[in-house]
Colleague: 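Before we start, here is the structure in question, set down as structure tokens.
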Amino acid sequence: MNERRKPYPFDHLELKWQAVWDETRAFHAPNPGEPGFDPAKPKFYVLDMFPYPSGAGLHVGHPEGYTATDIIARYKRLNGFNVLHPMGWDAFGLPAEQYAIKTGQHPAITTRENIAKFKTQLKRIGFSYDWEREINTTDPAYYKWTQWIFLQIYNSWFNPGTKKAEPISTYRGADPDSVRLAYVAEVPVNWCPELGTVLANEEVIDGKSEVGGFAVVRRPMRQWMLRITAFAERLADELEDLDWPHGIKLLQRNWIGRSEGAEIEFAVAAVYDRRPEGPPQDPAVRDRRYSIRVFTTRHDTIYGANYMVLAPEHPLVDELTSPERKEEVARYRAEVAAKSDLERTDLAKEKTGVFIGAHAINPVNQEKIPIWIADYVLMGYGTGAVMGVPGHDERDLEFARKFNLEVLPVVQAPGKTAGESIGFVEDGVAINSPIINGLATPEAKKKILGWLEEQGVGRSNVRYKLRDWLFSRQRYWGEPFPVVWEDGKHRSLGEDDLPLEPPELEDFRPTGTGEPPLAKAKDWIRYSETATRETNTMPQWAGSCWYYLRFCDPVNANRFVGGDQERYWMGGAQAGGVDLYIGGVEHAVLHLLYARFWHKVLFDLGHVSKAEPFQRLVNQGMILGEDNRKMSKRWGNVIDPLDVIAIYGADAFRCYEMFMGPLEQMKPWSMKGVEGVARFLARVWRLMMEENQAGEWVLSAEVQESELKKSELKILHATIKKVTADIEALSFNTAIAQMMILVNALTNAPVKSIGALRTLLLLLNPFAPHIASELWQILGEKFSDSKGGIVAQQWPVHDERFLVEDEVEIVLQVNGKVRDRISVPIDATDADLEALSRANDKVQAAAAGKTIRKVVVVPKKLVNVVAT
RNA sequence: GCCGAUGUGGCGAAAUGGCAGACGCAACGGACUUAAAAUCCGUUGGGCUUAACGGCCCGUGCCGGUUCGAGUCCGGCCAUCGGCACCA
């Protein structure tokens, strides 16, 4: 290994301070009612996205966000906040289970080992977590409450009147099971025949399994679903007031996918008319009226609707298909069912579909239009049926061309002929549409909708792309559902039955039939003579949906979080919730949407005090390898923080992570860059320390009580100001640059003022806490004061008086180009500046032969002479 | 295809509409050293010009606009990255 002498003894002092912090519980945040709790202090909750403890350990990407939050946490503490800064483990999940399948080692053991490794790494970086609040989603004392929250969801329904989740007991309908927020449905899942198991969507990449690359097909199975769609409107609307990156809000909004439009009923032309045997004799069948509802955002184009398409799975298909088309329809539906999602959504492929032998009536003109089924219409969105308007919808146009259906323009784009307006038209004027001819699109929509409403065949309607959340997995390593089945019906266990622990299994392998591995535990499954346990488990997202709440009160055995604790950390007069949440963009929609959903349910039921959990969100950018590629085993460019720390120390590691560039930006790693930052810290060290004859570091003789020169005072206070503002703005790279400027300036001074050094150490402390603590202590011992450790200090405040200057440099421009720079007294008037500028040699030279038209004076900055 | 982000030296980057390139890396030169490492000091966007001090021009992806003045604001392109993708 690297035998090079260390530029300062970081290894010794870093381990020393980490031990001190542990022993003194330096970063423990007291809860209301605990000793040491000061109600006068404002709270600050700064949260990291807790990691999945994989076997590979942390790489340098993880600690980027963690370092940022740690700087904020340390900074806020010195500013008098009671800071909640916790860490834990999102430890249920596939890799541990896959490892168990391969080796037979129980996932709990793998998980324990991985957590130990992660924790060692995090501690070596010197993060100021309150480790007394550490949580682990696989701990029964934790997932007891994950299961408890599931029961709250299970025992609730969404009241459309109040737009709130309410206890199921308030539901007045006949079948509560049909409205619960957790329900069972037969839905298509990703089935991988090769692996013999079901996969989550995240585990399927381009229609193949992430593990092994085997084909994945859709197959209907009984699944637990959470009714997140009921909250679509609130999840979209309530994003508004959150202090999140604009892009992330947009991503969530798009994911939720709100569309405003109309639902329109198309009557079905008498089905029996076309049957060879004539009208059925049974009056119940003969008189049956069918109608098909479509959803459209372009109701203004309804005159152009000359066919209709149902999703192949549409429930009316069986009843409407004419006998002579039955065979073909059945064949088409079978074909579609066999397709994977990939095949079905492959845009390059041609449109397919079959006519089902029935017709619908267009309500605006009473025309009989053919009904088709085609897989470009999805059962899961809208009503599963569309009116085909080939004139103004690209997909319909493609379909119409394939099957030679008529294409009729009904909207004319501005500046184009009717014929040219075929295709997708954003806005235009209605044509060939008697009721709305000549109206601009928005008015046409309004008028036709009014007309349809009058006829009783249409109403305005809002639809969302968001689907209900498929909440069950056929896995071992997850939270079991607190549910039992009896006589084909499910019912929940009581709170007293929690935690419901999974059975001990020797064999974690999938059964091959799609039945979950828990089904192998025959004794465990048997709940009573007549009832059996649910064998699915919850997905990995479950534990992370509420962990930020558990951090507020991590060991409470009686409640998922205590009321006082929740109100203190998550409530408050301000916006409330987590004050700062930093993590990767990869969670922009899933985790962040799921957690918001659970939080809203808990809020509606009165268990938490605010409707939103994360007030401010920041995404750190990905750290690439030195080769500018994503870090991965495949490229061999993964960097272990511990390897960096062994050479340069934790402080250098932390500072480099922040100095690389803006937090939110993607940027490549550079070992040379770490070295540069390490040199900076070594300079800080040598500002105060020198080696004696024996090779020991001792306080430098240059460190003395002394008055600062004016120029030194200025740079010191400019640094306090900039570092403070930059930390507030999470602009850590420029904060470090400013401290480098200060250190360079101090290095050149013959005498090092203790006051200036102390201030520097306070500013540096959030970034490089070990070296700052050590040097602070050394100064304290030498100049025996009673200030205490650096963690007990106040953040410095700059004094604007030291920043004002007697003289300022003024830039002289002619026509916007710099011609000279002059130094003038700070109180020079605009007239003075103009006169000086006009008299300046270089200005005159540049303006020679021209007439001065105008002189722009920017006080204390520049003068621009406009000459032509 | 749609949505979003980003384009500045050899590299990471900095710049409330007002001196483009702070700070750092790399490179080069010097000091120290028997020597090297470490450290310290200096130079470093490009071009032209001058014996030299210096002087001049160009330069923030491309084209245009607004402005006394644009990396920054507006319009239109191009490229890279990310997300969504038959959502009616």
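Please read all numbers here as calculations on a predicted model, not as lab measurements. Every chain is numbered from 1 and lettered A, B, ... according to where its sequence line falls, protein lines coming before strand lines.
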Colleague: Using atom P of each nucleotide, how far apart are G69(B) and C84(B) to the nearest Å?
Modeller: 45 Å

Colleague: Which part of the nucleic acid does R467(A) contact within heavy-atom distance under 4.0 Å: base, sugar-phosphate only, or nothing?
Modeller: base

Colleague: Let me know the distance between CG of N619(A) and P of G83(B), rounded to the nearest Å.
Modeller: 13 Å

Colleague: In terms of side-chain geometry, is the basic nitrogen of R686(A) or E690(A) positioned less than 4.0 Å from the acidic oxygen of its partner?
Modeller: no

Colleague: Just call it for K630(A): base, sugar-phosphate, or nothing, with non-hydrogen atoms closer than 4.0 Å on any strand.
Modeller: nothing

Colleague: Tell me whether K721(A) is salt-bridged to E800(A), with the criterion being a basic N under 4.0 Å from an acidic carboxylate O.
Modeller: yes

Colleague: For W255(A) and G82(B), what is the distance between atoms CH2 and P respectively, to the nearest whole Å?
Modeller: 17 Å

Colleague: Say you pick atom C1' in A22(B) and the same atom in C73(B); how far apart are they, in whole Å?
Modeller: 24 Å

Colleague: Less than 4.0 angstrom from a charged side-chain N to a carboxylate O is my criterion; do E675(A) and R679(A) meet it?
Modeller: yes

Colleague: Quick check for you: among C19(B), C3(B), C86(B), whose closest atom lies nearest to any side-chain atom of K351(A)?
Modeller: C86(B)

Colleague: Report, one line per pair, each donor and acceptor closer than 3.5 Å where one atom sits in a side chain of residues 812-821 of chain A; sequence neighbours left out.
Modeller:
| from | atom 1 | to | atom 2 | distance (Å) |
| --- | --- | --- | --- | --- |
| N815(A) | OD1 | A867(A) | N | 2.9 |
| N815(A) | ND2 | A867(A) | O | 3.0 |
| D820(A) | OD2 | N840(A) | ND2 | 3.0 |

Colleague: Would you mind classifying the nucleic acid contact of L250(A) as base, sugar-phosphate or nothing, using non-hydrogen atoms under 4.0 angstrom?
Modeller: sugar-phosphate

Colleague: Could you check G9(B) for me: syn (within 90° of 0) or anti?
Modeller: syn

Colleague: Across the strands shown, which category fits V386(A) at heavy-atom distances under 4.0 angstrom: base, sugar-phosphate, nothing?
Modeller: base

Colleague: Taking the same atom, C1', in C81(B) and in A70(B), what whole-Å distance lies between them?
Modeller: 26 Å

Colleague: Where do K249(A) and L242(A) come nearest, in terms of heavy atoms and distance?
Modeller: NZ-O, 2.8 Å

Colleague: Calculate the interatomic distance between I736(A) atom CD1 and A13(B) atom C1'; express it in whole Å.
Modeller: 13 Å

Colleague: What interatomic distance, in whole Å, is found between C1' of G71(B) and the corresponding atom of U6(B)?
Modeller: 14 Å

Colleague: Quantified in whole Å, what is the P atom distance between nucleotide G42(B) and nucleotide A35(B)?
Modeller: 23 Å

Colleague: Is E260(A) paired with R258(A) through a side-chain N to carboxylate O contact shorter than 4.0 Å?
Modeller: yes

Colleague: Going 5' to 3' through nucleotides 39-47 of chain B, assign each nucleotide B (protein heavy atom under 4.0 Å from a base atom), S (under 4.0 Å only from sugar-phosphate atoms) or - (no protein heavy atom that close).
Modeller: SSS------

Colleague: If we take the P atom in both U43(B) and G21(B), what is their distance in whole Å?
Modeller: 14 Å

Colleague: Indicate the ring-plane relationship of F732(A) and F767(A), choosing parallel, tilted or perpendicular according to the 30° and 60° boundaries.
Modeller: perpendicular

Colleague: Write down the atom of V410(A), the atom of H392(A), and the distance for their closest heavy-atom approach.
Modeller: N-NE2, 2.8 Å

Colleague: Compute the centroid of each ring, for W469(A) and then for Y594(A), and state whether the two points are separated by less than 6.0 Å.
Modeller: yes

Colleague: Of the residues in residues 810-817 of chain A, which ones touch RNA chain B at a heavy-atom distance under 4.0 Å?
Modeller: V811(A), Q813(A), K817(A)

Colleague: Identify which nucleotide among G24(B), A20(B), G55(B) has an atom closest to any side-chain atom of K842(A), counting heavy atoms from C-beta outward.
Modeller: G55(B)

Colleague: When the C1' atoms of A52(B) and C62(B) are compared, how many Å lie between them, rounded to an integer?
Modeller: 41 Å

Colleague: Can you check the R819(A) CZ to G54(B) C1' distance for me, whole Å?
Modeller: 15 Å

Colleague: Give a yes or no on whether the ring-centroid distance for W685(A) and F10(A) is below 6.0 angstrom.
Modeller: no

Colleague: Please report, rounded to the nearest Å, how far the P atom of C11(B) is from the CG atom of N628(A).
Modeller: 11 Å

Colleague: Between A13(B) atom C1' and I623(A) atom CD1, what is the distance in whole Å?
Modeller: 15 Å

Colleague: Roughly how many Å is it from CD1 in I248(A) to C1' in C3(B), rounded to a whole number?
Modeller: 13 Å

Colleague: Under a 3.5 Å cutoff on both atom distances, Watson-Crick or G-U, what's the dot-bracket for RNA chain B ([ ] crossing, | other strand)?
Modeller: (((((((..(((.....[....))).(((((.......))))).(((((....)))))..(((((..]....))))))))))))....

Colleague: For the residue pair F399(A) and Y307(A), is the inter-centroid distance of their aromatic rings smaller than 6.0 Å?
Modeller: yes

Colleague: Output a table of nitrogen or oxygen pairs between the protein and nucleotides 14-17 of chain B separated by less than 3.5 Å.
Modeller:
| from | atom 1 | to | atom 2 | distance (Å) |
| --- | --- | --- | --- | --- |
| A14(B) | OP1 | N733(A) | ND2 | 2.9 |
| U16(B) | O4 | K861(A) | NZ | 3.1 |

Colleague: Nearest heavy atom decides the nucleotide; on that basis, is R463(A) or V866(A) closer to the 5' end of RNA chain B?
Modeller: V866(A)

Colleague: Quote, to the nearest angstrom, the P distance that separates G59(B) from G10(B).
Modeller: 16 Å

Colleague: Under 4.0 Å, counting only non-hydrogen atoms across every strand here, what does M666(A) touch: a base, just sugar-phosphate, or nothing?
Modeller: sugar-phosphate

Colleague: Could you check whether atom NZ of K860(A) has more than 12 heavy atoms from other residues, nucleotides or ligands sitting under 6.0 Å from it?
Modeller: no

Colleague: By nearest heavy atom, map G673(A) and R258(A) onto RNA chain B; which one lands nearer the 5' end?
Modeller: G673(A)

Colleague: Remember a base hit wins even if backbone is also touched, and classify G257(A) as base, sugar-phosphate or nothing at under 4.0 Å, heavy atoms.
Modeller: nothing

Colleague: Side chains of M671(A) and V644(A): closer than 4.5 Å at any heavy-atom pair?
Modeller: yes

Colleague: Looking only at the side chain of F659(A) (C-beta and beyond, no hydrogens), which of the listed nucleotides G12(B), G18(B), A20(B) gets closest?
Modeller: G12(B)

Colleague: Measuring to OP1 and OP2 of A26(B), would you say a side-chain N or O of K672(A) lies under 4.0 angstrom away?
Modeller: yes

Colleague: Would you kindly give the NZ-to-P distance between K667(A) and A5(B), to the nearest whole Å?
Modeller: 18 Å

Colleague: Thinking salt bridges, do E657(A) and K667(A) make one under a 4.0 Å N-O criterion?
Modeller: no

Colleague: From the list G55(B), A88(B), C23(B), which nucleotide is the closest neighbour of the side chain of V377(A)?
Modeller: A88(B)

Colleague: Any non-hydrogen side-chain atom of M631(A) less than 4.5 Å from a side-chain atom of I623(A)?
Modeller: yes

Colleague: Can you pull the side-chain hydrogen bond (donor to acceptor under 3.5 Å, both in side chains) pairs that have at least one residue in residues 734-747 of chain A, sequence neighbours excluded?
Modeller: R683(A)-N744(A), T719(A)-Q738(A), D726(A)-T734(A), S731(A)-T734(A)

Colleague: To the closest 0.5 Å, what do you measure between NZ (K861(A)) and CD (E809(A))?
Modeller: 13.0 Å

